[in-house]
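Have a look at the structure below, then the notes.
All residue numbers in this chain count up from 1 along the given sequence.
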Amino acid sequence: MSGSASIRAGRASGPLIWGGLLARLPVQILGLALGYALLGWIGQQLAPPPGFASLIWPAAGLSIAAITALGYRVWPGVFLGAWCVNALAAGSGELQADVTVALDATLIATGSTLQALLGAYWIRSRAGFPLKLEGPRELVRLLLLVGPFTCLVGATVGTATLFASGVVAQSNLINFWLRWWGGDMGGVLIVVPLLRRPAGSASACRPETGEMCARGIPRAAPGAACRARAARASRRSGHRARPARP
């Protein structure tokens, strides 16, 4: 093989290697955890004291979008990312670094994970992936279902946990819950629409099995594959039915 052919083969195999790596479950979980932690840290910078309920929480949208696209099996990434973000919030001075912090972080991360699973279930069961919606009206209708109702889970679990720990005073309970709920809903409304399939694009993904096509790696169209199989079958049958020469 010549040098130029080797270079072309290496370039062609590059996307396949990256696509195979990104398709591995541990890589997906770790990437989701890091992404959630990063967006969570950004959201913490927008949160008033005690620093848990942000004015906008993009990590909530990321968690729902990731589980919708990659499947339910990546939920540990949401839990790990949420746990790290809330455990590090102990540095705000409202919590002491002890067992209580770990327990609070575990409960809040559990609520965030359940919220992401519920949101992904509603999206996949109603619209599939990529989002198969006829127009902006259906997208708005889906967001109004997923955003406000799904985000009740994380806000309720998180607020109840911090209230039981003494972080949130009873006088501030409603305002804190509303801020948490509004921040999560804002993150969902920003990130989830990115799952929508562009108009006129075809998708060979199979949401019912959790299979996701890697970007940049073309796959044979189903019709072309069927025609190729039919042609091979026709050639085989023609060879078997060839009449004998007189």
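Counting all heavy atoms, side chain and backbone alike, Val85 lies closest to Ala37 at CG2-CA, 3.6 Å. Gln28 and Val74 get closest at one heavy-atom pair: OE1-CG1, 3.7 Å. Across every non-hydrogen atom of Leu80 and Ala33, the tightest pair is CB-CB, 4.0 Å.
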Q. Can you list the steps and then say if Ile64 with Val188 is a side chain to side chain contact (heavy atoms under 4.5 Å, CB included)?
A. CA-CA 8 Å; Ile64 294 178; Val188 171; 3.7 Å; yes
Q: Please test Thr110 against Val157 for side chain to side chain contact (heavy atoms under 4.5 Å, CB included), starting from the C-alpha separation and ending with a verdict.
A: CA-CA 8 Å; Thr110 300; Val157 174; 5.8 Å; no
Q. For Trp57 and Met185, what are the C-alpha separation, side-chain angles and deciding distance, and is it a side chain to side chain contact (heavy atoms under 4.5 Å, CB included)?
A. CA-CA 8 Å; Trp57 193 254; Met185 185 171 60; over 6 Å; no
Q: Would you check, one step at a time, whether the test side chain to side chain contact (heavy atoms under 4.5 Å, CB included) holds for Asn86 with Leu107?
A: CA-CA 10 Å; Asn86 289 283; Leu107 292 175; over 6 Å; no
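Side-chain contact check for Ile108 versus Trp180: some heavy-atom pair is nearer than 4.5 Å. Residues Leu118 and Leu114 have side chains not in contact (no heavy-atom distance under 4.5 Å, counting atoms from C-beta outward). Residues Leu173 and Val168 have side chains in contact (heavy-atom distance under 4.5 Å, counting atoms from C-beta outward). At a threshold of 4.5 Å between non-hydrogen side-chain atoms, the residues Pro148 and Trp181 count as touching. In this structure, Thr68 and Tyr121 have side chains that are not in contact, with every pair of non-hydrogen atoms separated by 4.5 Å or more. Looking at heavy atoms from C-beta onward, Leu162 lies in side-chain contact with Phe176 at the 4.5 angstrom threshold. In this structure the side chain of Leu32 reaches within 4.5 angstrom of the side chain of Leu62, judged on heavy atoms.
Side-chain N or O atoms of Ser63 include one that pairs as donor or acceptor with a backbone N or O of Ala60 at under 3.5 Å. For the pair Trp75 (side chain) and Thr113 (backbone), a donor-acceptor distance under 3.5 Å is absent. Judged by distance alone, with hydrogens and angles left aside, the side-chain atoms of Ser125 form a donor-acceptor pair with the main-chain N or O of Trp122 at under 3.5 Å.
In this structure, Ile56 CD1 and Asp184 CG are separated by 10.0 Å, a value rounded to the nearest 0.5 Å. If you take CD1 on Ile29 and CG on Leu34, they are separated by 12.0 Å, rounding to the nearest 0.5 Å. Here Arg73 contributes atom CZ and Ile67 contributes atom CD1; the two are 12.5 Å apart, rounded to the nearest 0.5 Å. Taken from CD in Gln115 to OG1 in Thr156, the straight-line distance is 9.0 Å, to the nearest 0.5 Å.
Both Leu117 and Ile123 are part of a single hydrophobic cluster, where members link through side-chain heavy atoms under 4.5 Å apart. Hydrophobic cluster membership is shared by Leu25 and Leu70, with clusters built from Ile, Leu, Val, Met, Phe, Trp and Tyr side chains linked at under 4.5 angstrom. Residues Val153 and Phe149 share a hydrophobic cluster, clusters being chains of Ile/Leu/Val/Met/Phe/Trp/Tyr side chains in contact below 4.5 Å.
The neighbour count for Tyr72 OH, taken as heavy atoms of other residues, nucleotides or ligands under 6.0 Å away, is above 12. More than 12 heavy atoms of other shown residues, nucleotides or ligands fall within 6.0 angstrom of atom CH2 in Trp177.
With no hydrogens or angles considered, a side-chain donor-acceptor pair links Ser165 and Asp104 at under 3.5 Å.
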